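Take a look at the structure below.
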Amino acid sequence: MINAGFTPRALQAAEADVRATAVRLLRPLTGAPEFDVVTDFALPYALTVILRFLGIPDEHHQACLRWSDYKVQLMVGRDHTPEQLREYARGLRAFGEFARELTAQRLSAPRGDLISTMLHESPHGHRLSPDEVASLIPTLIITGHTTLAQALAITVRHQLRSPGGWAALVDGTVAVADLVEEGLRLDCPVVGMYRTTVREATVAGRVLPAGSRVLLLYGAGNHDPGRYPDPGRCLPGRWPTAAHLAFGRGTHYCVGAALARAELRIALEEMAACFPALSAAPEASPAYRPTFPLRALTALRVRP
Ligand code: HEM
């Protein structure tokens, strides 16, 4: 039902707005001696795109960023003080109320956005209830921007660190769409997902009884040397599109995959256009947020 909002037509209609968001965020960075790809571009870009795609007015974007961060902190953080916990709880309640109010508005006055589509379309004769749509809003915001920001940052990092990598992107030797896929395969942001077996299954000669809790390690699958010879090398264009597991597989395949691919392509195109001589600032070693299953760089400093 959510997929109804991610048709090629809806994505095509959003493309100009996504590109304008990228340009608006990148332009002020052109004069800076150095900037952080993660916090100065990738996160605000990914968040703005998903909020606008959902149809959330710009004046609420800062609050949505704060509330999303509270939710991530609660899921992955440790050693919170009671004051922090109270603040997160108040924030998440406000997030829920905000989502319900917005849902009620779009129910009575639909617009051409994802919230309206989820409320008013009934693919296969099913329609989501307003409560279901309201509860999906925070989920879509959080899953839709943290993953994307990471995919973008890590792809830029790989390209800057491979000799001639950035120049190849700028002069078109490397096709942007191929780089997007190879970046996702090489270092996928969601390293795995849990599942429970509903019946006995045999995987690689090992019997998993029904009811087993298993962790599907997409990141490891993407480096399976039986499938990808020399899996640690970034070779855009080597595999057919979507040969990797970065968006999962099957029923729960990422609903935002097509939007994510468009966002990554547009961001890389605009970064290459704005910063033809981009280089990595010296870095001791990449620092990651202590999160699982999301793999997320805390920073990526670069020089225009
Ligand atoms: C590069 C960016 C992204 C990556 C790497 C990514 C990855 C994933 C993965 C691995 C899954 C789980 C599949 C499974 O359970 O097997 C997933 C599910 C999901 N993703 Fe994404 N995602 C990205 C972007 C997005 C965006 C932009 C949105 C929203 C617009 C989104 C919304 C969702 C939702 C709602 C699910 C749950 C689907 C379900 O359980 O049926 N994702 N994503």
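Whatever order the structure lists ligands and atoms in, that order sets their numbers, starting from 1. Computed from a predicted structure; not experimentally measured. Values below: all heavy atoms of this structure, side chains included; hydrogens, waters and symmetry mates excluded.
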* Please check if atom CD in Gln12 has more than 12 non-hydrogen atoms from other residues, nucleotides or ligands closer than 6.0 Å. => no

* Flag, side chain of Thr197 to backbone of Gly211, donor-acceptor distance under 3.5 Å -> yes

* Asked: For the residue pair Trp67 and Phe98, does the interplanar ring angle fall in the parallel (under 30°), tilted (30 to 60°) or perpendicular (over 60°) class?
  -> tilted

* To do: Verify the distance criterion only: is there a donor paired with an acceptor across the side chains of Asp131 and Ser129 at less than 3.5 Å?
  => no

* **Any donor-acceptor pair under 3.5 Å from His244 side chain to Tyr218 backbone** => no

* Asked: Residues in side chain to side chain donor-acceptor pair (under 3.5 Å) with Glu97, at least two apart?
  -> none

Could you list each nitrogen or oxygen of ligand 1 that sits under 3.5 Å from a protein nitrogen or oxygen, with the atom names and the distance?
{"from": "ligand 1", "atom 1": "15 (O)", "to": "Arg195", "atom 2": "NH1", "distance (Å)": "3.4"}
{"from": "ligand 1", "atom 1": "15 (O)", "to": "Arg195", "atom 2": "NH2", "distance (Å)": "3.0"}
{"from": "ligand 1", "atom 1": "16 (O)", "to": "Arg195", "atom 2": "NH2", "distance (Å)": "2.8"}
{"from": "ligand 1", "atom 1": "16 (O)", "to": "Tyr218", "atom 2": "OH", "distance (Å)": "2.3"}
{"from": "ligand 1", "atom 1": "40 (O)", "to": "His252", "atom 2": "ND1", "distance (Å)": "2.6"}
{"from": "ligand 1", "atom 1": "41 (O)", "to": "His252", "atom 2": "ND1", "distance (Å)": "3.0"}

